[in-house]
Structure formats: structure tokens, C-alpha cells
Amino acid sequence: MTHRPQRRMMLLLCSASLAALTACGGDGGDDDDNEPAPPVATPRACADLAGLAIPASAIGLPTQGGAVTEAVVVPAAGAGVAALPEYCRVTGSIAPIDTTAPSIVFRVALPAAWNGKAVMFGGGGLDGTVPNVAGNVPAGPADQPVPLARGYATFASDSGHQANASGSLDGRFLVNDEALRNFGGQALKKTRDAAVYLIDARYAAGKPTRAYFAGGSTGGREALSVAQRWPADWDGIIAWYPAWNQLSAMLGGHRASRALAQPGAYPNTAKRVLVRDAALEACDALDGLADGLIGQQQRCNGSFDPATATLRGAPLRCPGGADTGDTCLSDAQITALKTMNTETRFNFFLASGSQGYPGYNVWGADLGITSNPSPLQPAVTFLNLGTTQPATPVLPTAPYITQQLDQVIKYAVTRDPGYASLTLDPENPGPWGTRLSELSTMLDVSSDLSAFMARGGKLLLAHGLSDVLVSSRATAQYWQRLRAAQGDAAVDGFARYYEVPGYGHAVSTTFNATWDSLTALEQWVEKGTAPANQVTTDTVGVPGRSRPLCEYPKWPQYKGSGDANSAASFTCAQ
């Protein structure tokens, strides 16, 4: 079979001269017995893509087809690693079967100098906006070009609905079944197929030689979903902090919200400093170095107790357990935080097979410390505990998960916009259990990647240990199930999982992790070189500080000497 970059060149030659026809399968003669050569596809100019129809037959799931709504040339810009090449930015929409459902809006970036490959980006939260197709993969390196600048055709969609000012927290679309199914994963396949159709239309080279998917959070769930559901479409997957069992994660977060909603249970931002510092005082040096990062998070989870902990010699618990101010934690606040640290157990049937959701790594995490002057701190606070206690009505300053579940419960579960979401018990939902079970089949992804593995696909999985929105413990469960089903040797041949101390959900002021995962994936898929000695670099807490990415369950242990900010001074300990 002709390698596709060669085929692309041959097609260009074929369209250019009769003499080249011989190399393309004809003899160039005038023998009357020969059938006429079929027409050869030719590349299209960017402007010629505007208005192009995408037939429903080109999309592997039911739609009414799609259309390009805009195609414009974006000039090259920037310099150095921040440079972007000239590219054709194509915006389009895919029409639903249900005419009352919203369309899928998608975007494709087609570089003038294409490398023959493609990257699809996943979304976040409840989606609703198109990710930046000229941007980077999650936690992408700051010192390397983004995929578009490397020559990739890139694409993404809003997952099948258009959000209001609430962005990823707008759940109104969940009342429509087709929109819900699109969010649950169907939009991924529809977008991929439409994008591949346009890539072929632009370059006249068939489908990409390699296709990669990169996403985090909901996008991480989407990444694992495409590998599991449409394995033939993908060669490699990058999944950061994946909400792979998203319905379960939502219910676990809702239990935390209900605990924080109890009278006096919500720790203000000053008290969050106390619990973080007390955990660091108790656990930071467990990895051999007191550096503000808890490398032995699992050990800390089992040993740290805010009810008995001290901070600089003083008890963390307020005298008698009553709230006496910002120098200690009340019993109500300790109870809420300990609830976040423990498992949510579903006392009802979920069709996805999920029976619960593990606790979060609360101890040592930044729960939203607003006194931190970092420009990233507002994002950290927004994604964690916010600045307002969960209550009815839910305010836009409440914890992210509280706002998200308020939307999900109102529009996807009860479909009653007036329903008081905090009254629903996620462990004992009563009459809503059946609906939650149904939703789990859309939002909880199977860990069966046998078909993806069999076709040679590769998976890079990573999670920060200070994430209190999507628990790294859940990702560890996914990894353990994968190994149990496929066997250690088989999984070692196609997947890696790394945990990063100090990294939160998508962003961190403690250790803002970056990693050149795309290069690692390329090397593995295209050259057969498995990842080894991978390194993650901090860009915010201590800019330039690096740590080894240790293959789970190993963790970075300080060797006892050497530069504390260099990965070379650490070993991956069992």
C-alpha cells in the first residue's frame, strides 16, 4: 500500500501532467482498448471550502449532514516556539436528526504545510464551546511548538450545544435527548468524521496517516471514550485527569457539596491555608524532601487526621470543636473535609456497573486560597471550593462541582428547573435512581480497551495528586481495572499512567505541570519507542523546577543530595 504522504505527492503529480499518469497507474498511450482513467482528486483552496456540504453518509452516526459556514486563511504569526504557521480555519456545523436539538459546531485548522497527521482536542466541564484548535494539548510544554505549529491538522467541537455566559456550567441542553447523547460521546464520532472529510477535501490525500486525541477532565473522559468505542479511528490517546466515570464523579462531588452545605461546615479561604499547611507539615518530608510537594500522597491520606493534627505546635482543631475564628477548624469543618476524603457508596443500581466513587486527595491541596497573589489563583479557586457555601439557590461563586450538579440534576435528572438540587442524596437517590442509572450508561466509560490495544493504539494517562474536582484515586482504579482485564505485560505494551505531586485540576500555583506528551506519543506510535525517563516541569510554583514522571504506583523520592529543583535528584521509588 502506498504510504499516504507519498500518495499525496503522487496525486499532485497526477493532476499536473499526462506524463505522470504512467506512474499513477496509466500508460499515457492512446490504446482504444484502455478505459479512461478516473478523475483524480485535487486539493482545494481554503476559500473553496466555504459553503461545502458534508454528506450524512460521510458521518458514521445518524445526522442530517453538515456544512462549512466559514473558511478563512489565518496568516502566520508569532516567533520562536510561540509561532503559528499560516493555516485555513474552517468552521462548520452538523445538523441533528431531532430538529429541536442544537447543532454541533466544530472547527478545523488546516496548516499550509501539513504533516499528514491530525489531533482532536477534547472539551471540559459540560462543554458548550469549541476548544482552541490553535492551542496546546493539556499540560503541554511551554518550550515546544503546539500541534498546529508542528504541522498537524487539528479539530474540536462544542460537543453539540452552545453555552451561555456560564460556559462549561451551562446545562440547559441536557433536557434534549439527542444533545445529551452528543455530550455523552456521540458528538466525538460525528466531529471526527466531518473533520476527516474536510481534511481530505483540502489536501486530497485521504484520511490522516496518524490520528491522536488529547483531552483533560471531561475531555479526558472523551479521550478514553473514543479509544473504547471507536478504536479504529485513533492511533494514540493523551488523557489528563480524566472524568472517565463522569456520572459517578459527579455524584461523589455532590456528596461533598452536601457535606459542605451543612451549618458551619464550609471552611473559608483562611482556614484552607491552615489545613493545607498542617498537612504539609505532617506529610511533605515523607518523600525525603520538604519542598511543598507531597510525593507520598497515599500514605498521607491514611495518616493525616485534621481532628488530631497540629500546626506549628498548636492543635488544628478549635478548642471544644466550636468555630472560634480563622486560627483553627471547627468540628463541622473537619467533618466536611473528612467526608471529601472518603468514598461515596451508591446504595442503588447503576447500569454502568459503578458502585461508588473514591475520596479526594484533600490533604495538602489548594482548595481555593485567595490570599495567593498568583494570576492563576482565581482559576484554582473557581475549580475547587469557590468562595460561597453551597446553598439553595446555588450561586456562581459556589464550588464548581456544586454548580455543575445543580445543572445536571435540574436538567438531566429531574428535568425540573425549579428542583432544589442539594436535596438529592447521591448515595440513596430514591425515585431518581433509575434515571441516574440510565445516565451512567452515557457518562461512565468502560475500561475495556482491548480493541484499541489490539490495533496497536497507545495511551498516555496522567493525573495530578492535588486534584479535588476529579479524583486521581478514580484514575488509579481505572488503571488497576485495565491491568486486571488485559494483564500487566499487555498493558505495559500500550499504556502508561503517571501521577504528579502538587498538580491540581488543569492548573496549579504549587506545581503547574507541563509535559511534552505529544512527542512521547509520536515516538511510541510512529517509531515503537516506549516512553522512558519522562519529566514534568513546573511553570508557576517554582518556574523551571522538574520532577520525574514515575510510572504508577511508583513515586518521586529524593535521593538525599543534589539540586532539589532537578528531576535528576529524584528516583522513582516503589
Side-chain angles (χ1 to χ4, degrees), residues 122-127 138 159 168-169 171 174 180 183-185 215-225 228 239-260 339-346 348 350-362 365 367 383-385 390 398-409 412-413 421 424-427 429 432-433 435-447 461-482 497 499 504-506:
L126 297 176
D127 290 334
S159 88
S168 67
L169 289 170
L174 295 165
L180 175 56
F183 172 70
S217 193
T218 290
R221 185 259 292 172
E222 293 167 347
L224 295 173
S225 179
Q228 197 272 322
W240 270 96
Y241 37 90
W244 65 275
N245 49 352
Q246 191 156 19
L247 191 278
S248 304
M250 289 175 174
L251 294 178
H254 191 58
R255 175 170 169 264
S257 291
R258 282 165 52 90
L260 292 166
T339 298
M340 293 179 66
N341 182 53
T342 57
E343 180 185 8
T344 299
R345 297 174 181 173
F346 304 145
F348 66 104
L350 275 184
S352 67
S354 179
Q355 297 178 328
Y357 193 76
Y360 302 85
N361 298 330
V362 180
L367 302 176
L383 290 169
N384 290 291
L385 298 192
Y400 186 94
I401 194 66
T402 307
Q403 297 183 64
Q404 186 181 69
L405 264 293
D406 185 55
Q407 296 287 292
V408 170
I409 290 170
V413 182
S421 59
L424 191 149
D425 182 346
E427 295 181 302
W432 303 116
R435 177 58 175 165
L436 290 169
S437 180
E438 181 182 7
L439 292 172
S440 75
T441 64
M442 303 180 205
L443 301 180
D444 286 358
V445 176
S446 168
S447 57
L461 190 62
H463 209 131
L465 289 175
S466 292
D467 190 338
V468 293
L469 183 57
V470 175
S471 177
S472 66
R473 302 183 204 177
T475 305
Q477 285 183 346
Y478 180 92
W479 183 250
Q480 290 155 1
R481 293 178 187 182
L482 192 64
Y497 173 42
E499 293 184 335
H505 191 83

Using side-chain heavy atoms (C-beta onward) and a distance below 4.5 Å, is Leu180 in contact with Leu439?
yes
Just jot down the side-chain hydrogen bond (donor to acceptor under 3.5 Å, both in side chains) partners of Ser257, sequence neighbours excluded, or say none.
Thr402
Any non-hydrogen side-chain atom of Val413 less than 4.5 Å from a side-chain atom of Leu174?
no
Val445 and Ser225: side chain to side chain contact (heavy atoms under 4.5 Å, CB included), yes or no, with the steps?
CA-CA 6 Å; Val445 176; Ser225 179; 4.0 Å; yes
Taking atom NE2 of His254 and atom CZ of Arg258, what is their separation to the nearest 0.5 Å?
5.5 Å
So, do Pro242 and Val470 sit near enough that their side-chain heavy atoms are less than 4.5 Å apart?
no
One pair to check against side chain to side chain contact (heavy atoms under 4.5 Å, CB included): Ser447 and Trp479. What are the steps and the verdict?
CA-CA 8 Å; Ser447 57; Trp479 183 250; over 6 Å; no
Do you know which two heavy atoms are closest between Glu343 and Gly356, and how far apart they sit?
OE2-CA, 4.4 Å
With distance as the sole criterion, is a donor-acceptor pair present between the side chains of Thr344 and Glu427 under 3.5 Å?
no
If you define the side chain from C-beta out and look only at heavy atoms, does anything of Trp432 sit under 4.5 Å from Leu424?
yes
Rounded distance (nearest 0.5 Å) linking atom NE2 of His505 with atom NE2 of His463
7.0 Å
Please find the pair of heavy atoms, one from Ser440 and one from Ser352, that lie closest to each other, and give the distance.
OG-N, 3.1 Å
With a 4.5 Å cut-off on side-chain heavy atoms, are Phe183 and Leu443 touching?
yes
Can you check whether Val468 reaches Asn361 side chain to side chain, under 4.5 Å on heavy atoms?
no
Do any pairs count as a salt bridge (charged side-chain N to carboxylate O under 4.0 Å, His left out) and have a residue in residues 471-481, sequence neighbours left out, and if so which ones?
none
Distance in Å, Gln355 CD paired with Arg345 CZ, rounded so as to fall on 0.5 Å steps
11.0 Å
Regarding Tyr497 and Glu499, is there a side-chain donor-to-acceptor distance under 3.5 Å anywhere?
yes
One should read off an interatomic distance between Tyr360 OH and Met340 CE, to the nearest 0.5 angstrom, of 7.5 Å
Spacing of Leu383 atom CG and Tyr400 atom OH [to the nearest 0.5 Å]
7.0 Å
Could you tell me which non-hydrogen atom of Asn245 sits nearest to which non-hydrogen atom of Asp444, and how far apart they are?
C-OD1, 2.9 Å
Run the side chain to side chain contact (heavy atoms under 4.5 Å, CB included) check on Glu438 and Leu350 step by step: do they pass?
CA-CA 8 Å; Glu438 181 182 7; Leu350 275 184; over 6 Å; no
Audit row: Ser472, Leu465, side chain to side chain contact (heavy atoms under 4.5 Å, CB included) steps and yes/no:
CA-CA 6 Å; Ser472 66; Leu465 289 175; 3.6 Å; yes
Minimum side-chain heavy-atom gap Leu436-Phe348 below 4.5 Å:
yes
To the nearest 0.5 angstrom, please state how far the CG atom of Leu482 sits from the CD atom of Gln477.
13.5 Å
